[in-house]
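First up is the structure itself, then whatever we jot down about it.
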Amino acid sequence: MQTSTTQVVDSIEQYDDVVSWINDTLIFSDDIDDLNTAHLIKLDQQITQLLTTLDIASEDSSSQLEHIIDGVSRGIPRLAYDLHFMKDGALTLQHNISDVLHKARGTVPPTTDAVLKQLHDLDLIKNRMESAREVLREAESWSTLELEVTSLIAEKNYAKAAERLSEASKSMVVFQNTPEYDPRRNLMVNLQNQLEASLSSALVSAINAQDLANCKEYFAIFSVIQREPEFRNYYYAARRSGVVTLWQSAQLIDCDEPPSKGDASQVVRQTFTEFLSKFYNTLFSVVNVERTPICSIFPDPHTTLSSFIASTLSSLQPTYPQRLSALSSKKNGNVLTDLISALRLTEDFTVVVDKVMEKVKFATSGPMPRRPSNAEKPSHVRRRSSRMSISWRPGQSRSGSGPNGGPIQQALSQTAEVMEWKQELFQPFLDFQIDYGSLEKRFLEHSLADITDNDSREGVEEVDRPRLLRERAVDIFGLAEGSMGRCNAFTHGYGAVGLVWALDNFFKSFMELWTTELQTMVTQTGSSSRTPVGSEDMAGMDYTAHDWSNIQLCLHLLSSARTVSERLTGFEMKLRSYLSQVATQFSMARDDPINFSISPAQGETQLLEQSTLNSAELQTLLETVGGDHVHSRPGQLHQPPEPLLVNARRSLSLFAQACQAALQRTILSPLRQHLSSYSSLSLWSAAGDPKSKSATNENELKVPTFSLPPSETMQKVADGLLNLPRLFEVYADDDALSFSLGTLPHLDYDMLKGLTEQTVPETPTVSGSGSHMRRASVSFNPKPTIVDPEAISSAWLLSLGHTFMEFVVQDVLPTISSLSASGAAQLASDLEYLTNIVRALNVEHEALEKWRLYSEMDEEDMEARLKEKEKTDSVLVDVARLRGLS
């Protein structure tokens, strides 16, 4: 086809942009088969000629523009003079006009003025009579409107009837603000209802028969009588009936009540996820089929198809949220996996439907029609989900141009209309996504309960509990590692706060369970019959077989706790890595939302953005994880990040502390047994004063007195204390003793720092006794620091010494009923001996030293001390009471 240059120019002027012209010229021509290389060469020559002409015209325009600019530059200096001249001329003209008007009024005779007024009145009367005539014509038309429309409906001339109603509707404005407005409006509505009722059966038949020509004609009729939304309702209801029936008739195992016995054999029951897959397949088939007829019938097929899907989803009974709630109540702890499966099916359905929507958009692409004003919009277009809102991101502009808000606002409005069906799909999941943390914790605890169902609680002694703890640690960390995938699949990272909370409390519950069970595994040794057993190396240690078993059990539990600690550290590193990936993904989606999306469906992303999941706490968590990767420079000490699972670490530390306390209780059990009858010894009330020697006369030889020897019980206790270092020599190579040294009872930070070469971090205080504070947790470093075994033994011996001294001064000495002078001297001797023994263990105990000092004090000095002190310490009061001085 030969095309002249003029024709090429004319064709270009019909397009707003060159790209559309090139596409239509090269691809969408009427005779694609006739395009050949010669035609393209000819077209290229013409374009080259046009470009040359354009260059020449551009140069000519530039030259003329320069001449114009020169002329304007030369004329600007005279502009002020010309304006002043014009102002003077205008003032002169105004004065002359005033003179003329004054003279004209004087020249017109009174009779002429009266005639002009009469002509003006006649013209006003004429205009009003014409208006009255128009009103009478409209009234005459309205008087026959009902008869004409009903006749046309009876003749099935629906198009003519619709046109007549449209004309009458335009004249309604004439009767506005008059008493006749409401009756005529009611008549109009009644006639429209009659026309709609007459058309409804034929319309439904045409829709079911897929008669596109009649459907299109009926749509035009409904549009003329301003009943377009009703037509859409008829169409949607007819086309979605099969899908709605499928949803209503489904019998679900995990959502609905079981059928009656009579119907059980006739009903095929399935799970919710199995049914949901079939339901989405059916709905997609309907949507794919409707793509062609909707493009033929409706002027806005893209929006119409979206509204069709949204109306189908909103008409389901029971509703989608009701089905999910029933699923949650039936499955209880295991519902999370089903919700994730359902959400994944929903996302997959959204992806395939988006492709159909894209095909519809391309099928209807072309010159953009004029967007109707708000008054011209059909009411269905302005139907908007109450949940829908557009989330503005930083950097996006809110400004627009034009009376209707500009192209940006129009694009956003169209997006909201199309996104409505996605809102209907994902809104039911939102409440469960917000509650993800609780769902995840329920899932973890339910899964752990399934794992531990086979654990026998009856034969505790027959089961290797430390090994079982390590095995269960493998199970719980395996479950916990899957939680990151579930968080990403169900909330796409927005549930990170709930994830950390669920994991923290899950580990905490697990360790608290083992801390409670520790009380049943390790029993206090308070039996009256004790048969010591042991090897030759352990001779002199009064430990029974049960004691040795408890010592081994506590050590193995501490070793298992160390294993759990190492696993917890490794898991926290994985958790930080996942949270860092979420933070990176959010940052990329925020900077480039087109190429990087958080979820496959845009509607789901917007719901998550606007939910309470997108909280300041989430932003703080992600920023904290991102801030942990501090730019470390060579030579700088690496500062360990703040722990994420604080409660888990604390509960593990408390479990280690319980193991240490049980181990110390077992180690000290022989010493406690020796002191069980110490307070009731008869020597405390023995008569006589060992410090004075009775003499019959002054000439008798005075024998000097020496310190009393310790009692037999105290000697046994001292022997037991001196044997403690031998016990730790046996377990010197056991790494369990070095774990969590900071939680050893009655061992404060300064003591531990002085014994070990490692840096022990400050930890929260959970309890205190005297001047020695217990630490609640210790730092779990990925690479544990190696501590000298001698320092470990010293720390344990120091802790054991203080623990035993606390037992002596709090539980043993105050229970002595009374002290005679001889008994007080014996007690002072015992305590001095005990003080010397514990000093060998580096133990200095202030309360024990007070008991010794007050026991050997003279009665006069003690009475004076009691009078001097306004606030006497408790040890002085106790000793004075025993000695009968208070």
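FYI, the numbering just counts along the sequence from 1. What's counted below: heavy atoms across the whole structure, side chains too, no hydrogens, waters or symmetry copies. Small disclaimer: the values here were computed from a predicted structure and weren't measured.
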If we only count heavy atoms from C-beta on, is the [X] to [Y] side-chain gap below 4.5 Å?
| X | Y | value |
| --- | --- | --- |
| Val500 | Leu579 | yes |
| Leu675 | Asp811 | no |
| Tyr678 | Met714 | yes |
| Leu513 | Ser509 | no |
| Leu469 | Phe655 | yes |
| Val582 | Tyr494 | no |
| His845 | Val838 | no |

Side-chain (Tyr543) to main-chain (Pro670) donor-acceptor, under 3.5 angstrom: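 No, because the side chain of Tyr543 does not come within donor-acceptor range (under 3.5 Å) of the backbone of Pro670.
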Whether Ser799 side chain and Trp796 backbone form a donor-acceptor pair below 3.5 Å: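 Not confirmed, Ser799 side chain does not pair with Trp796 backbone.
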Salt bridge (charged side-chain N to carboxylate O under 4.0 Å, His left out) partners of residues 334-345, not counting sequence neighbours, each pair once: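 Qualifying pairs, neighbours excluded: Lys331-Asp338.
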Atom CD of Glu617: over 12 foreign heavy atoms under 6.0 Å: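 No, not enclosed.
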Cationic N near anionic O, under 4.0 Å, Asp475 to Arg472: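 Arg472 and Asp475: salt-bridged.
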Aromatic ring pairing Phe507/Phe571, orientation class (parallel under 30°, perpendicular over 60°, tilted between):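 Rings of Phe507 and Phe571: perpendicular, over 60°.
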